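No experiment lies behind these values; they were computed from the predicted model shown. Just so you know, ligand 1 is whichever comes first in the structure, and atom 1 is the first atom listed for that ligand.
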Amino acid sequence: MHSFRYRDGQLHCEDVDLARVAEELGTPTYVYSAGTILDHYARLDAALAPLDHLICYAVKANSNRAILKLLANAGAGFDIVSGGELYRVLAAGGDSAKCTFAGVGKSREEIEYALEQGVCSFNVESEAELDHIDRIAGAKKTRAPIALRVNPDVDPHTHQYISTGSHENKFGIALERIGAVYEQAAKMRNVEIVGAQMHIGSQIAEAKPFASAIGKVAPVVRELKSKYGIKFLSVGGGMGIIYQRALESGSGKWWREHGNESFAFSVRDYAEAIVPPLRELDVRILVEPGRFLVGNGGVLLTRVRYIKKTGAKKFAIVDAGMNDLIRPALYQSYHEIVPVCRASVSDAGREKIDIVGPVCESGDFFALDREMPELHEGDLLAIMSAGAYGFVMASNYNSRPMPAEALVRGDKFALIRKRQTWEDLVRGEINPEW
Ligand SMILES: *Cc1c(COP(=O)(O)O)cnc(C)c1O
């Protein structure tokens with residue numbers, strides 16, 4: 001469920017007309033719905049109620065402090081992948097004791113910082129990293145709580161760049177080796193074995209890969225519990241969201257008619273598949289959703305700058321670019337794109353058009369040959385489902401200032417990150433004296 005709907009022909013986020021946000025803050029601007037994010041959190045929390053569980057929001061999906069604060073207040077923990085993310089969580093009022101620190105390449109500084117702040121666990125991805133953590137904790141005369149990341153070797157049927165749980169990628173430790181590495185960890189003086197972790201990929205559409213991964217890992221968890229008394233299993237994130245026909249609940253029909261099938265990852269199916277086997281394990285269960293909590297809760301507002309025709313092709317050149325939202329260029333991913341003001345476009349003149357950004361790269365597009373109502377210069381568009389892996393991947397490529405971010409709650413909206421200025425672009429750059 002998300003809270004983006006047409007009301008009197010105007011696209012609203014909760015009770016706020018998105019045209020108003022664009023007028024006040026300019027474009028391109030990311031707009032997030034607090035109600036949607038909290039609703040998704042509450043649904044997942046309720047579905048997992050039969051388990052002793054903690055939802056650790058994967059900060060990398062959207063790390064704006066206002067979003068982190070929203071989730072911290074709802075009771076969430078956090079899955080972090082860098083020292084910078086831990087810093088953000090603390091700045092947002094999050095609890096370090098509810099943070100798990102993942103990632104394949106943690107630096108000394110990051111490990112020291114996480115030890116000082118008292119994270120609940122380091123999720124360790126290699127033997128080399130385990131050694132490193134042991135030494136750093138020893139030097140600080142403390143013990144590092146650790147969980148090893150198990151790679152269960154399942155294929156989640158998702159894009160190759162976001163699949164992480166098969167033996168062919170860099171993540172985790174193979175199931176066959178995990179027992180031996182835990183034994184090594186048990187011999188180390190400065191680490192304390194507290195849990196086990198897995199994460200099989202992202203944008204996973206069905207419950208089945210989760211269930212089969214849990215099936216494979218469950219016997220290991222039982223053994224670890226009896227040998228080392230582990231307290232938790234983290235089953236990772238990766239629950240998929242709707243990108244196609246994201247605005248199904250609207251009242252018009254042209255956007256319903258394009259041919260792509262949508263799917264709806266069902267929290268209920270997920271819980272039905274994973275709760276019974278996890279309950280038997282009788283350890284605390286951590287889940288680390290990123291995209292699921294925030295993905296459908298955000299849009300990127302952008303305005304059409306020019307309409308360009310070349311031969312048979314027609315382009316709408318918009319003011320957002322791949323530097324603002326890189327998902328289409330990086331993952332060939334699909335985003336629904338809709339006009340904010342339906343009155344400004346005509347249902348009659350449907351046509352195929354490429355919606356592209358101003359960046360000097362052929363990969364700078366949001367949609368190719370997309371069936372759209374006839375667009376004009378100045379039309380305001382919403383790129384849907386942009387709440388996850390959107391702003392966090394933004395860059396200054398082509399010296400474009402990063403976009404603004406706004407948060408809506410009910411009939412209010414607030415700027416939660418200022419649009420960068422040209423001065424921001426050169427801040428920190430230094431001319432050598434010579
Ligand atoms: C990226 C990541 C997540 C979140 O993935 P989503 O697909 O956004 O849910 C969770 N856990 C780990 C270890 C990750 O790397």
Side-chain angles (χ1 to χ4, degrees), residues 37 40-41 43-45 47-48 53-64 67-68 71 76-82 84-86 89 98-106 110 114 119-126 129 146-152 154 156-166 169-173 195-207 209-210 213-214 217 232-243 263 265 267 270 274 285-298 327 330-331 333 385-393:
I37 294 168
H40 289 181
Y41 179 85
R43 277 164 196 270
L44 186 61
D45 201 33
L48 299 175
H53 71 277
L54 177 65
I55 299 175
C56 293
Y57 168 61
V59 173
K60 72 176 188 281
N62 184 329
S63 59
N64 188 291
I67 304 284
L68 301 181
L71 286 163
F78 297 93
D79 176 52
I80 56 170
V81 294
S82 70
E85 285 191 351
L86 177 55
V89 166
K98 287 185 182 177
C99 283
T100 58
F101 190 0
V104 297
K106 302 173 189 78
E110 289 176 321
V119 297
C120 118
S121 166
F122 289 85
N123 293 344
V124 178
E125 306 228 11
S126 67
E129 187 195 342
I146 61 112
L148 298 186
R149 175 163 175 180
V150 188
N151 186 327
V154 298
H157 307 293
T158 177
H159 191 281
Q160 57 167 344
Y161 285 8
I162 51 178
S163 158
T164 60
S166 94
N169 63 52
K170 68 179 176 184
F171 297 101
I173 298 165
Q197 198 267 351
M198 62 179 221
H199 172 70
I200 57 174
S202 196
Q203 185 55 10
I204 298 168
E206 345 147 81
F210 293 106
I214 288 165
V217 168
F232 73 83
L233 167 66
S234 168
V235 297
M239 306 78 149
I241 62 162
I242 295 175
Y243 283 100
F263 71 87
F265 177 87
V267 179
Y270 175 72
I274 72 160
I285 300 301
L286 271 48
V287 290
E288 305 164 354
R291 190 189 312 268
F292 174 79
L293 293 181
V294 296
N296 288 134
R327 297 190 67 259
L330 187 61
Y331 307 118
S333 53
S385 310
Y389 306 107
F391 184 90
V392 286
M393 288 191 180

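One N or O on the side chain of Arg149 and one on the backbone of His199 form a donor-acceptor pair closer than 3.5 Å. Asp79 places no side-chain N or O within donor-acceptor distance of the main-chain N or O of Val81, the cut-off being under 3.5 Å. A donor-acceptor pair under 3.5 Å links the side-chain atoms of Ser385 to the main chain of Ile242, judged by distance alone. Checking side-chain atoms of Glu110 against main-chain N and O of Lys106 turns up no donor-acceptor pair under 3.5 Å. The closest donor-acceptor contact from the side chain of Gln197 to the backbone of Leu148 lies at 3.5 Å or more, if one exists at all.
Protein heavy atom in closest approach to atom 14 (C) of ligand 1: Lys60 NZ, 2.9 Å. Looking only at heavy atoms of the protein, atom 11 (N) of ligand 1 is closest to Glu288 OE1, 2.6 Å. Among all non-hydrogen protein atoms, the one lying nearest atom 7 (O) of ligand 1 is Ser202 OG, 2.3 Å.
When heavy-atom distances to ligand 1 are checked against a 4.0 Å cut-off, Phe292 has no atom that comes that close, whether in backbone or side chain. Of all the heavy atoms of Asp79, the ones lying under 4.0 Å from any atom of ligand 1 belong exclusively to the side chain.
For ligand 1, the atoms closer than 4.0 angstrom to any heavy atom of Tyr389 are 1 (C), 4 (C), 5 (O), 6 (P), 8 (O). Each of the atoms 6 (P), 8 (O), 9 (O) of ligand 1 lies under 4.0 Å from some heavy atom of Arg291. For ligand 1, the atoms lying closer than 4.0 Å to a non-hydrogen atom of Gly237 are 9 (O), 10 (C). If you number the atoms of ligand 1 from 1 as listed, the ones under 4.0 Å from a heavy atom of Gly290 come out as 4 (C), 6 (P), 8 (O), 9 (O).
Ring-plane geometry between Tyr57 and Phe78 is classed as perpendicular, the angle between the planes exceeding 60 degrees on a 0 to 90 degree scale with a lower cut at 30.
Close to ligand 1: Pro289, with a non-hydrogen atom less than 4.0 angstrom away. Heavy atoms of Gly236 stay at 4.0 angstrom or farther from ligand 1.
There is no side-chain donor-acceptor pair under 3.5 Å between Ser63 and Glu85.
Residue contacts with ligand 1: Val81 is placed with no nitrogen or oxygen under 3.5 Å of a nitrogen or oxygen of the ligand (distance criterion only). Considering both main-chain and side-chain atoms, Gln197 never comes within under 3.5 Å of ligand 1 through any nitrogen or oxygen pair.
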